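Okay, so here's the structure we're looking at.
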Amino acid sequence: MSRQEEPPSERRSSPGRTVDARQLWSGGAATAVVAALIALAGILVCRWLFNIPILAPRQDGAWGDASTGGYAIAAAAAALVATAIMHLLLLTTPRPQMFFSWIIGLATVIAVVYPFSTTAPLSQKVATAVINLVLGAAIGSLINGTAARVIRRRAVTGGY
């Protein structure tokens, strides 16, 4: 199949492999929604069930302040950035899912450790770290799972 015959959403990457970009980015958008909801649910669970005023003072109520929305938007943005990283890796890298797992794993470690560098009370640090851990695991697994479904194998013609 020549490049002109490929659907516009499929682009060549490594020999013998094409990537369905439309499905990859659809999965990335769905992951962004899931990530935003995880962030929101995590904040609400911390504030309602455990009475930990994560991201806002206790007097701001269960929904906190504008930082609650900002945290959810940042989680969604992280999912979209992860999708872009995966797309780039799929197009250019051998064993892209292995490299993606390492990138997301290390970014998640940073996100989990970072709250402990703040002056917040320990309960808030732990709560934020747990939410960040769940976000990293969800984004990593959903994007990796999506990537596994968007790779198309081609028969490689020619040879040695």
Side-chain angles (χ1 to χ4, degrees), residues 9-11 13-14 17 19-152:
S9 67
E10 290 191 10
R11 297 288 180 241
S13 54
S14 295
R17 183 172 70 199
V19 176
D20 186 336
R22 185 178 309 140
Q23 282 191 342
L24 177 64
W25 283 96
S26 294
T31 301
V33 171
V34 170
L37 290 172
I38 288 171
L40 182 59
I43 290 168
L44 293 178
V45 164
C46 289
R47 292 174 78 65
W48 287 352
L49 294 181
F50 299 111
N51 204 24
I52 299 171
I54 187 171
L55 297 182
R58 197 174 305 277
Q59 63 267 22
D60 283 343
W63 289 99
D65 61 4
S67 63
T68 300
Y71 193 68
I73 290 168
L80 294 176
V81 168
T83 304
I85 291 169
M86 177 58 89
H87 196 178
L88 178 66
L89 291 172
L90 287 169
L91 294 174
T92 62
T93 310
R95 306 219 26 211
Q97 291 167 294
M98 178 182 67
F99 287 102
F100 179 79
S101 295
W102 272 97
I103 291 167
I104 292 299
L106 292 169
T108 301
V109 167
I110 292 166
V112 167
V113 171
Y114 177 74
F116 294 97
S117 70
T118 68
T119 58
L122 182 61
S123 63
Q124 291 179 21
K125 292 177 184 180
V126 170
T128 303
V130 169
I131 293 170
N132 289 347
L133 178 63
V134 172
L135 280 167
I139 291 169
S141 64
L142 290 171
I143 298 298
N144 231 337
T146 299
R149 305 283 284 169
V150 303
I151 298 170
R152 308 283 184 253

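Being a predicted model, the structure only gives us computed values, none of them experimental. Here, residue 1 is the first one in the sequence, and each next residue gets the next number.
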Full working for side chain to side chain contact (heavy atoms under 4.5 Å, CB included) between Ile52 and Arg47: CA-CA 5 Å; Ile52 299 171; Arg47 292 174 78 65; over 6 Å; no

Please lay out, stage by stage, how Tyr114 and Thr128 fare under the test side chain to side chain contact (heavy atoms under 4.5 Å, CB included). CA-CA 9 Å; Tyr114 177 74; Thr128 303; over 6 Å; no

Dump the intermediate steps for side chain to side chain contact (heavy atoms under 4.5 Å, CB included) on Ile85 and Ile104, then the final yes or no. CA-CA 10 Å; Ile85 291 169; Ile104 292 299; 5.6 Å; no

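Heavy atoms only, all atoms of each residue included: Ala120 and Lys125 are closest at O-CE, 2.9 Å. Nearest approach of Ala39 to Ala72, heavy atoms of both residues: CB-CA, 3.9 Å. Residue Ala111 comes nearest to Asn132 through the heavy atom pair O-ND2, 2.8 Å, listed as atom of the first residue, atom of the second, then distance. Nearest heavy-atom pair across Gln23 and Thr146 is O-CG2, 3.9 Å. Residues Ala82 and Phe100 share a closest heavy-atom pair of O-CE1, 3.3 Å.
Atoms CD1 and OG, from Ile43 and Ser67 in turn, are 7.0 Å apart once rounded to the nearest 0.5 Å. The OG1 atom of Thr68 sits 11.0 Å away from atom CD1 of Ile73, with the distance rounded to the nearest 0.5 Å. Asp20 contributes atom CG, which lies 13.5 Å from atom CH2 of Trp25 (distance to the nearest 0.5 angstrom). One finds the CG atom of Leu40 at 10.0 Å from the CD1 atom of Ile131 (value rounded to the nearest 0.5 Å).
Residues that satisfy the side-chain contact (heavy atoms from CB on, under 4.5 Å) test with Val45, not counting sequence neighbours, are Leu49, Phe50.
The closest side-chain heavy-atom distance from Val112 to Val130 is not below 4.5 Å. Residues Val19 and Arg152 form no side-chain contact, since every pair of their non-hydrogen atoms from C-beta on lies 4.5 Å or further apart. You'll find the side chain of Met86 reaches within 4.5 Å of the side chain of Leu24, heavy atoms only. Contact check for Leu89 versus Ile103: side-chain heavy atoms found under the 4.5 Å cut-off.
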Let me check something: any side-chain donor-acceptor pairs from residues 133-145 under 3.5 Å, sequence neighbours excluded? List them with distances.
residue	atom	partner	partner atom	Å
Ser141	OG	Ala137	O	2.9
Ser141	OG	Ala138	O	3.2
Asn144	OD1	Gln97	NE2	3.4
Asn144	ND2	Ser101	OG	2.9

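In this structure, the side chain of Thr118 engages the main chain of Pro115 through a donor-acceptor pair within 3.5 Å.
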